[in-house]
Structure formats: C-alpha cells, structure tokens
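Lettering follows sequence order; numbering is per chain, from 1.
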Protein chains: 2
Amino acid sequence: MLDDIDRRILLELQRDGRISNQELADRVGLSPSPCLRRVRILEEAGVIAGYRAVIDQEAVGLPITAFVRITLESHGQEIVERVEDEIRGVPEIVEAYLLAGDQDYLLKITVGSFTSYEDFVRTRLRTIPGLASIETTFAFGVTKTVSPLPIRP
Amino acid sequence: MLDDIDRRILLELQRDGRISNQELADRVGLSPSPCLRRVRILEEAGVIAGYRAVIDQEAVGLPITAFVRITLESHGQEIVERVEDEIRGVPEIVEAYLLAGDQDYLLKITVGSFTSYEDFVRTRLRTIPGLASIETTFAFGVTKTVSPLPIRP
DNA sequence: AGTGAAAATGATAGATT
DNA sequence: AATCTATCATTTTCACT
C-alpha cells in the first residue's frame, strides 16, 4: 500500500512538518505535483493524522513531567467510558494509554511545579470517580524526544 | 516573556502545525506580518522546537506500543552517557525519559509485532552494556493522543 | 508593535508524455 | 503515474505609523 516514496515522504514530514512541497519533492526525488498528490492521499487516508508544532515545555513554564499509573475499581463498560472521558477532558493529561498488566492506564502529565502537581492530583485526578489507585513517577528530564517512527523500508 | 497573543499562536500551531500564516493571523487577531514575526521569534528562541507530521502507527505497520522501564548497573558518568547514546541510536525507542525513583529510564517503544518486540529486546536492548533490569508493559491502545500543552493563560 | 502594499516564492490544476 | 506550464494564493519584506 505504501511504496518507497511514500515512506520517504512520511520520514521527511516527521522531521519537518512545515517543509514546503517543493523542498519535499526535491528530497524524495519527485516534481512538486505528484509529490503534493501523494501527500494529500496520505492525509485523506489518515496515514498522516495531522501536523503539530513541538513546544519546549520549559519555555512555556511547564518543566515538570510525571507518569501516573492508575487502576480502576472495576472494569464495567460504563465506568471505563466515564474514566476515559474524564482523562480526555483534563488538559494536564497530555497523553494516555490503556495498559496490559497490573495497572490500567499510563498517563503522562505536564505541570508547572510540584505544587501544581499536588493540586492536579487533588482536584483533577482523585476527583475522577472509579479510580482505585494512583502511582506517580516523576521524570527528571527527556533523554530522547519524540522521534520519527521506525517505518521499515 | 510570552504575552497572550504568543500563547494563542502556540495553541493554534499545536492544533495545526501547517496552518497558513494568514489563517493563523486571523485566528489570533493580528495581520499576517506581525504574526509571522512573532512566529519567527518563537522559533528562534526555541519555544517552538519544530514541526512534525503525526503519523498513524497502525497505518504504517507499527501497531504495538510498549513501555519499558530499565535500571542501570551503576550511575557513573561514563556508563550513563553510553547508555543514553545507545538509547538515542535505537530507532524503535521513540521517546525516553530519565526517571526519579526505582527505575532509571522509561522508554517508549514502537514495533510491528510481538515477534519484532522480542527481537528488539534481544538484539537492541539487552545488548546495551550496563543495563541491570528491563521491565516491559504493553499498551493495548491510545486513550488520549499527544495533546496541546496546558499553557496557562 | 502593527499596517498595508509590492515583490518573491510556493501551491495547485490541467494538458501532455 | 510523472512532468511541464500557467495561474492563483501565500509568504515575506519594507516603508510607514
């Protein structure tokens, strides 16, 4: 379904999502028209889900990253859906994954200070109904930031 | 340092990193010239670290996400640097964080299958010298994908 | 800092191979 | 499917406020 040129396009757009179509066409060895057509097809098929500016968390006053593993009291559909809705509604939760194993979800949290984190746990996390346990691990720093996906050739 | 308009710009560019400068200017209530100037300043200051296309992992044959917590045998500077270099060099490791607590690093892994994961652990992870322990948790799915940072108004 | 207009660059559709 | 070309939109610069 994806050919070699598509994969090159995806790689380049992961590295620089704002590159011009002309530059992109150059890099993948195509002229601008077919290159743009391929990009549009990839966008419409959802292979390219979107484009995002990557922001320096510290520069915007959000130096603290925490990973929180939570478990639920029960796994009835109603409770799970309510919890997931709550997760999606809390802005400090910037990513969330459903886990296989002892814990149910892994949440990635971004806040400005430890005080804010305490506040976040008290007012946004513990208030979610149906949570059984909350385990926090703080990150000191980022060793490797979000990298291009290892798309196989 | 950042004013209200800067924050609006950052929010919009996190939501859509390929929005045109004209559209962006409209949304933040500015004309295109000063809007572009602000964007350039934010880029040069590193507040905007870059732009990335967001790719659908499943669509490119990478449906499996795993979180791996590792500990090191020792924390001498030389070993730490070598481990971090290795982490940065392995493409399947798409993110890595230095942790506070029992484990030393949290790695986010993306692979195409459980077989590939096994292979990855054997050939890319266990081969990193200085690792004491490796603990894997698989993710069933994504409940909340990378969301705009909660930049306070 | 912001405006507005002019020049440069890029995006896009259509005819062609 | 890709290229080439013509047209249209956007970006970018600059003189002015």
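B:Ala53 and A:Ile48 make their closest contact through CB-CG2, 4.3 Å (heavy atoms, listed as atom of the first residue, atom of the second, distance).
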Run A:Arg8 and A:Glu12 through salt bridge (charged side-chain N to carboxylate O under 4.0 Å, His left out) and show every step you take. CA-CA 6 Å; A:Arg8 296 275 303 281; A:Glu12 294 297 338; 5.0 Å; no

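In summary, B:Asp4 and B:Arg7 engage in a salt bridge, as defined by a charged side-chain N under 4.0 Å from a carboxylate O. Using a 4.0 Å cut-off between charged nitrogen and carboxylate oxygen, A:Glu95 and B:Lys108 count as a salt-bridge pair. Salt-bridge formation is not detected for the pair A:Arg82/A:Asp85: no Lys NZ or Arg NE/NH1/NH2 atom is positioned less than 4.0 Å from an Asp or Glu carboxylate oxygen.
Each of A:Arg37, A:Glu44, A:Arg38 was scored for a side-chain contact (heavy atoms from CB on, under 4.5 Å) with A:Ile41, with one residue passing: A:Arg37. A side-chain contact (heavy atoms from CB on, under 4.5 Å) with B:Tyr105 is found for one member of B:Val80, B:Thr71, B:Leu99, B:Leu131 and no other, namely B:Val80. For the side-chain contact (heavy atoms from CB on, under 4.5 Å) criterion with B:Glu92, the lone passing option out of B:Ile109, B:Leu62, B:Leu107 is B:Ile109.
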Would you tabulate the pairs of protein nitrogen or oxygen atoms and nucleotide nitrogen or oxygen atoms of nucleotides 7-10 of chain C closer than 3.5 angstrom?
{"residue": "C:dG10", "atom": "OP2", "partner": "A:Gln22", "partner atom": "OE1", "Å": "3.3"}

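For B:Leu30 and C:dT3, the CG to C1' distance is 10 Å, given to the nearest whole Å.
To the nearest 0.5 Å, atom CG of residue A:Leu2 and atom CG of residue A:Leu10 are 6.5 Å apart.
For the helix from C:dA1-D:dT17 to C:dT17-D:dA1, the end axes, each set by the C1' atoms of five terminal pairs, are bent relative to each other by 30° (nearest 10°).
Taking the six-membered ring for Trp and the full ring otherwise, the centers of A:Phe120 and A:Tyr117 sit less than 6.0 Å from each other.
A:Asp102 CG: 12 or fewer foreign heavy atoms inside a 6.0 Å radius.
Sorted by first and then second residue, the ring pair (Phe, Tyr, Trp, His ring centres under 6.0 Å) pairs involving residues 19-56 of chain B (not counting sequence neighbours) form an empty list. Listed by first and then second residue, the salt bridge (charged side-chain N to carboxylate O under 4.0 Å, His left out) pairs that reach into residues 126-137 of chain B are B:Arg69-B:Glu135, sequence neighbours excluded.
Across residues 33-49 of chain A, A:Ser33, A:Pro34, A:Arg37, A:Arg38 each have a non-hydrogen atom less than 4.0 Å from an atom of DNA chain D (numbered order).
Chain A approaches DNA chain D within less than 4.0 angstrom (heavy atoms of the protein), and the contacting nucleotides run 5' to 3' from D:dA1 to D:dC4.
When each of A:Arg18 and A:Ser31 is assigned the nucleotide of DNA chain D bearing its nearest heavy atom, the one mapping closer to the 5' terminus is A:Ser31.
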